Every structure is written in structure tokens, then in C-alpha cells.
Amino acid sequence: MADKFDVIVIGAGPGGYVAAIRAAQLGLKTACVEKWIGKEGKVVHGGTCLNVGCIPSKALLEASHKFVEAKHDFDDMGITAGDVSMDVKKMMARKDTIVKNLTGGIAGLFKANGVTALEGTGKVLSKNQVEVTDQDGKAATYEADNIVVAAGSVPVDIPPTPLTDDLIVDSTGALEFQETPKRLGVIGAGVIGLELGSVWNRLGSEVTVLEALDDFLPMVDSAIAKETQKLLKKQGLDIKLGARVTGSEIKGTEVVVKYADGKGEQEITFDRLIVCVGRKPYTKGVIGDGVGVELDERGFIHVDDQCRTSVPGVYAIGDCVRGPMLAHKASEEGIMVADIIAGHKAEMNYDAIPSVIYTFPEVAWVGMTEQDAKAAGIEVKTGAFPFAASGRAMANNATEGQAKVIADAETDRILGMHIVGQHAGEMIAQGVIAMEFGSSAEDLALSCYAHPTMSEAVHEAALAVEGHAIHMANRKKRK
Ligand code: FAD
Ligand code: AMP
């Protein structure tokens with residue numbers, strides 16, 4: 001039997017590595033097991049987020065956005081950029097360097113905080129034992145008073161479009177293209193599909209997004225979703241709603257995709273296809289037989305509000321449990337669980353977890369949509385402000401979009417905030433903090449915002465809840 005720990009965390013993604021660091025900070029003897037093999041053949045930390053998710057996708061989104069700006073927007077500002085071109089291989093190399101620096105940084109944080117990094121595949125053998133099998137198949141068993149499973153998720157694949165080496169790929173493959181495909185198909189108009197579709201559309205691909213649902217971004221307030229759809233269409237993304245992919249065929253270097261829409265069976269040919277139809281929990285083999293940790297019918301580890309599994313002392317967090325598959329949700333759960341293990345009171349507010357789509361402009365939201373509130377029988381009042389009326393947005397060449405605040409009609413408490421606009425992902429933190437503090441729309445309206453900022457649109461939207469917006473004509477009558 002090898003060492004004994006207070007806590008062993010399985011998985012070093014944003015859920016697991018954050019849980020491990022927090023636990024160590026609280027004085028617990030902590031180990032974190034990771035098996036991800038990086039491009040250099042060695043174990044790397046950071047999970048999906050750092051290796052093939054949040055960070056690499058944002059590196060490509062930023063580079064491709066700058067390319068579009070230089071090509072199309074600079075002229076208007078008096079800047080002559082000359083012949084602007086994109087070296088895709090260089091863009092990818094930059095992305096790889098960012099990933100390498102960040103994943104290496106986690107190893108440094110583990111050292112600084114005294115977390116023991118165990119390399120290999122972890123398996124919960126019992127409520128107090130974790131087996132770790134290294135790359136050579138050598139196994140060791142470690143004892144722990146508490147175990148945190150943070151095994152994450154993997155892309156969903158669908159039978160109509162089996163992945164190939166390079167023509168039909170998932171999101172991970174789409175982060176590795178070394179040249180811009182001429183005709184690119186994307187299955188799924190969710191967050192990842194829209195982000196990856198945007199990257200390649202900006203670099204010159206003709207992008208068609210096939211989405212089975214009739215509604216575009218049903219989780220976003222419908223006014224914001226509608227405006228986003230219009231803006232993405234204007235950029236050249238051909239988003240076909242109500243289009244369910246039913247089959248595919250590789251013909252030489254092309255992929256022929258069959259889909260069914262309102263008019264019947266259709267066919268479309270692409271040079272490359274990205275399958276972005278969601279992610280599923282990755283729990284295969286992580287829980288040993290007879291341990292008693294229950295999974296739900298979709299394969300998620302069953303947990304309560306504080307991420308306790310059905311076995312005392314065993315916790316599970318992040319993408320392998322219920323709730324939105326988001327890095328910051330995983331990290332917050334990691335902190336909560338470490339605090340609980342250390343004997344502190346801790347809980348999370350699942351109603352105030354923000355989401356962001358890093359298209360241009362960004363789409364960001366927290367809390368209820370107006371339609372959610374109506375469905376729940378809650379009477380709401382709303383205020384919206386268009387960036388077209390914002391001085392800073394004009395200066396930034398970013399007048400598209402709007403900010404919307406949704407408040408309880410009776411109490412004025414903020415129930416949701418939905419934004420489409422440049423830096424929406426930064427601005428949404430105001431909605432999160434307002435909701436965490438139980439603020440009213442009036443609290444935001446009475447706050448002093450720096451001028452000129454994009455955030456002033458949030459201020460104006462909060463003012464507009466009562467018909468008090470200053471920089472636009474109010475639809476509601478001022479009381
Ligand atoms: P993961 O990050 O999946 O980490 C789990 C880790 O556990 C992995 O390293 C895995 O190797 C390890 N592991 C699993 N089983 C074992 C085992 N038995 N033994 C040892 N190790 C094991 N989220 C955002 O919030 N913002 C974004 O902008 C964003 N963009 C994304 C873009 C893309 C293209 C993708 C694919 C995802 C994106 N996400 C984004 C989602 C985000 O990456 C995940 O929600 C997040 O990584 C989940 O964290 P996690 O720690 O639960 O799991
Ligand atoms: P998300 O879960 O946000 O990653 O989004 C995945 C999207 O893929 C959802 O909007 C699904 O409706 C969509 N989707 C799933 N299967 C298919 C399919 N066969 N054809 C087209 N779209 C699909």
C-alpha cells in the first residue's frame with residue numbers, strides 16, 4: 001500500500017485541479033490523478049478546458065477575429081493594413097504554445113500548493129481507496145479519507161456521421177485543421193458549433209450549420225437569440241434550423257451529408273465536417289465494481305446539491321455530474337467540495353452560473369429568460385438597451401447587439417441578464433454579482449458606471465426596466 005491522503009482527486013481539469021489546490025490550501029494532504037497524454041507524449045494537466053476546449057478555441061477565435069478586423073474594419077478607421085493574409089499553421093502554433101504554457105502552469109501550481117501529482121488512470125476501488133495505473137500498466141493503490149471524481153466529459157458522436165481521420169471530426173479535430181476548408185459543414189448550432197463555425201467562416205470557409213431543432217439558441221432570451229441569428233447570418237454563416245442529419249458518405253476527398261428538413265430529404269457536400277452535437281460524461285472505468293456510486297440514466301454520476309455521491313466521502317464534480325458543462329461551474333464545485341471536506345459550510349448558487357458564446361459579438365447570459373419566467377408563472381418587467389445608442393460602442397466599431405435585464409415585476413429582483421454585444425462575456429459578471437447579492441434592477445440603475453464603457457448599456461437596460469433610460473426613447477412611460 002502506498003501513501004495515504006486526506007483527499008485524492010481523480011482528473012485535473014478545471015474541476016479537479018481547482019479542487020486539489022483548494023484542498024491543499026486548507027491544509028489537507030492532497031493528491032490529484034491525471035491520465036491525459038499531451039502532444040509531447042507526457043501527462044498534462046488542465047483537462048478538456050486547457051487542452052482541447054475553452055483556451056485553444058478562444059486562441060483561434062481571437063486570431064480569426066483580428067484577421068477579419070484587419071481585413072475589413074481598419075480601413076474605416078483610416079488604417080491601411082495592406083494585403084492581409086492568414087498563416088493558419090502559425091495561428092495553430094500560437095494556440096499550441098498557449099496550451100503548453102497553461103497546462104505546464106498547473107504542474108507549477110500543484111508544486112507551489114503542495115499537491116501531489118499522480119500520473120496514470122485513477123479508479124475508485126472503495127470509498128477509501130484509489131488505484132492508479134500508469135502508462136506502462138503498473139498499478140499502485142492509495143488510501144484516502146475523501147475522494148473527488150472530476151473525470152469530465154467527451155464529445156458525443158452520432159451514428160449518421162462516424163468520425164474519420166480528417167474529413168469528419170469532432171471539436172478536438174476542428175482545433176487542429178492546418179488549412180482553411182473551402183466548404184465546411186458543422187452539425188449542431190450549440191455553443192461549440194457556433195464558435196468553431198465562426199473561426200473557419202472568418203478565415204474564408206463557406207460554413208453551413210445543420211441544426212435539428214427549429215429554435216435557435218433556445219436557452220438564450222428569444223430577443224437576444226433572434227438578434228444573434230441575424231448577426232451571424234450577416235457574417236456569412238448559413239444556419240439551417242430544423243435540419244436533422246441522417247447520414248453521410250465519404251466520396252473521395254468530399255463528405256456528402258444527408259439531412260431531413262421540412263421539405264424532405266436533402267443532400268449537401270462539404271470538404272470537411274465538424275460534429276458538435278454535445279458532450280457526454282466520461283465515467284467509463286472510473287468507479288470500480290461494487291463501490292456503490294450511482295450513475296443516472298444518462299451516465300452522469302448522481303450527486304446532491306453539494307456534489308456528494310451516494311457513497312459518503314466520495315464526491316463528484318464538473319462535467320461528469322448534472323448541470324451545465326462549463327469550466328467555471330466545474331471549478332466552483334471543486335472549491336465547494338474542498339471546503340466541505342475541510343469542515344467548512346459551503347454551497348453553490350446554481351441559478352447564477354453565466355454562459356458565454358465567444359462569437360463576434362459575444363452572447364452572454366445568466367439566470368432566466370423572459371420566456372422561462374413566463375413558463376414558471378412569474379410576472380416580469382424587462383429593460384433593454386441597444387449598443388447602437390452607445391458612444392463607446394460607436395468608438396469601438398461594435399454597435400451591434402443589445403443588453404437586456406429581466407426583473408421580477410413585484411419585487412424588482414433581477415432574475416436574468418442576457419447580452420449580445422462586444423465583450424458581453426466580461427459584462428455578464430455584473431448580472432452574476434447582482435444576482436448573487438439579490439440586487440434589484442433599481443440597484444443597478446442607481447450605480448455609477450464609468451463613461452464611456454460598453455457596460456453603460458447594462459446600466460441603461462436596468463434604467464429602462466422602469467422606463468427611465470436616458471440615452472434612448474423609453475417604450476414604457478416614466479412613473
Ligand atoms: P475535464 O476538463 O474534461 O477534465 C477531466 C480530466 O479528468 C481530464 O483531464 C481527463 O483526462 C481526466 N480523467 C478522466 N478520467 C480519469 C481517470 N480515470 N484517471 C485520471 N484522470 C482521468 N467551458 C467554458 O466554461 N467556457 C468555454 O469557453 C468553453 N469552451 C469550450 C470549447 C470546446 C471546444 C470544448 C470541447 C469545451 C468547452 N468548454 C467551455 C467546456 C469545458 O471545457 C468543460 O466544461 C470543462 O473542461 C469541464 O471540466 P472538468 O474538470 O469537469 O472536466
Ligand atoms: P450543445 O448541446 O449546446 O453542444 O449543442 C448541440 C446541438 O446539436 C443541439 O442543438 C442539438 O439539437 C444538435 N444536434 C444533435 N443531433 C443532431 C443531428 N443529428 N442533426 C443536427 N443537429 C443535431
Side-chain angles (χ1 to χ4, degrees), residues 189-191 211-229 241-242 278 296-298 300 302-307 319 321-326 328-330 332-333 336 347-357 363-385 401-421 424-425 427-445 457-458 460-469 474-476 479:
V191 176
E211 167 55 56
L213 298 178
D214 293 326
D215 285 341
F216 182 67
L217 296 179
M219 62 291 201
V220 182
D221 191 88
S222 61
I224 305 296
K226 226 159 129 188
E227 181 154 11
T228 305
Q229 188 180 357
L241 298 176
D296 71 15
E297 63 287 351
R298 291 184 303 156
F300 289 97
H302 180 73
V303 289
D304 67 8
D305 283 350
Q306 285 163 316
C307 293
D319 280 11
V321 305
R322 82 293 171 261
M325 287 185 163
L326 292 168
H328 43 280
K329 175 262 192 187
E332 287 305 306
E333 287 180 336
M336 172 175 72
E347 58 182 22
M348 252 180 84
N349 179 2
Y350 284 94
D351 292 334
I353 297 173
S355 295
V356 183
I357 311 177
V363 187
W365 67 97
V366 60
M368 286 186 167
T369 63
E370 193 174 343
Q371 57 270 23
D372 287 339
K374 277 191 186 139
I378 303 169
E379 210 187 309
V380 294
K381 47 189 181 175
T382 65
F385 188 80
Q402 59 176 299
K404 179 169 175 179
V405 171
I406 296 147
D408 187 298
E410 205 182 316
T411 63
D412 196 38
R413 193 179 172 128
I414 295 175
L415 300 175
M417 186 183 287
H418 294 247
I419 308 172
V420 52
M427 285 185 272
I428 202 64
Q430 298 168 62
V432 175
I433 293 166
M435 286 179 67
E436 280 288 351
F437 283 75
S439 307
S440 61
E442 190 185 28
D443 289 328
L444 281 191
V458 171
E460 291 277 359
L463 283 160
V465 168
E466 292 296 349
H468 293 182
N474 289 283
R475 265 194 259 145
K476 281 172 208 155
K479 279 190 224 150

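Predicted model only: the values in this text are computed from it and were never measured. Heavy atoms only: backbone and side chains are in, while hydrogens, waters and symmetry mates are out.
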Quick one: [atom1] on [X] to [atom2] on [Y], what's the gap to the nearest 0.5 Å?
X: D215; Y: K226; atom1: CG; atom2: NZ; value: 11.5 Å
X: I428; Y: M435; atom1: CD1; atom2: CE; value: 9.5 Å
X: C307; Y: M336; atom1: SG; atom2: CE; value: 3.5 Å
X: R298; Y: R322; atom1: CZ; atom2: CZ; value: 11.5 Å
X: F385; Y: N474; atom1: CZ; atom2: CG; value: 9.5 Å

Show the nearest heavy-atom pair for residues [X] and [Y], with the distance to one decimal.
X: K329; Y: P324; answer: CD-O, 3.3 Å
X: I353; Y: M348; answer: CD1-CE, 4.0 Å
X: L213; Y: P218; answer: CD1-CG, 4.0 Å
X: A352; Y: V432; answer: O-CG1, 3.6 Å
X: A462; Y: A441; answer: CB-O, 3.6 Å
X: L241; Y: D214; answer: CD1-O, 3.4 Å

Review point. Without hydrogens or angle criteria, can the side chains of Q306 and E347 be said to hold a donor-acceptor pair below 3.5 Å?
Key: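 E347 and Q306 do not have a side-chain donor-acceptor pair below 3.5 Å.
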Check your understanding: Do you see a donor-acceptor pair shorter than 3.5 Å between the side chains of Y350 and E333?
Key -> yes
Practice item. Could you go through the side-chain contact (heavy atoms from CB on, under 4.5 Å) check for L415 and V380 one step at a time? Key: CA-CA 9 Å; L415 300 175; V380 294; 3.8 Å; yes
Exercise for review: Under the side-chain contact (heavy atoms from CB on, under 4.5 Å) rule, what do V220 and T369 come out as? Steps first, then yes or no, please.
Suggested key: CA-CA 6 Å; V220 182; T369 63; 5.7 Å; no
Check your understanding: Salt bridge or not for E379 and K374, using N-O below 4.0 Å?
Key -> no
Check your understanding: Would you call D408 and K381 a salt bridge, taking side-chain N to carboxylate O under 4.0 Å as the test?
Key ->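 K381 and D408: not salt-bridged.
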With a 4.5 Å heavy-atom cut-off, do [X] and [Y] have their side chains touching?
X: T228; Y: L217; value: yes
X: K404; Y: E370; value: yes
X: V191; Y: M219; value: yes
X: L444; Y: I414; value: yes

[X] atom [atom1], neighbour heavy-atom count above 12 within 6.0 Å:
X: Q371; atom1: CD; result: yes
X: R413; atom1: CZ; result: no
X: H302; atom1: NE2; result: no

Exercise for review: Output, in order, the C-alpha distance, side-chain angles, deciding distance and verdict of side-chain contact (heavy atoms from CB on, under 4.5 Å) for F216 and Q229.
Suggested key: CA-CA 7 Å; F216 182 67; Q229 188 180 357; 3.5 Å; yes
Check your understanding: So which of I224, V363, V458 actually passes side chain to side chain contact (heavy atoms under 4.5 Å, CB included) with I419?
Key -> V458
Review point. Residues two or more places apart in sequence or in another chain: which of them pass side-chain contact (heavy atoms from CB on, under 4.5 Å) with A330?
Key: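 None.
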Review point. Listed by chain and number, what are the side-chain contact (heavy atoms from CB on, under 4.5 Å) partners of D305, not counting sequence neighbours?
Key: none
Review point. For L463 and V465, what are the C-alpha separation, side-chain angles and deciding distance, and is it a side-chain contact (heavy atoms from CB on, under 4.5 Å)?
Key: CA-CA 5 Å; L463 283 160; V465 168; over 6 Å; no
Practice item. List in chain and number order the residues that pass side-chain hydrogen bond (donor to acceptor under 3.5 Å, both in side chains) with S355, two or more places apart in sequence or in another chain; answer none if no residue qualifies. Key: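 Testing S355 for side-chain hydrogen bond (donor to acceptor under 3.5 Å, both in side chains), a comparison that skips the adjacent residues, returns none.
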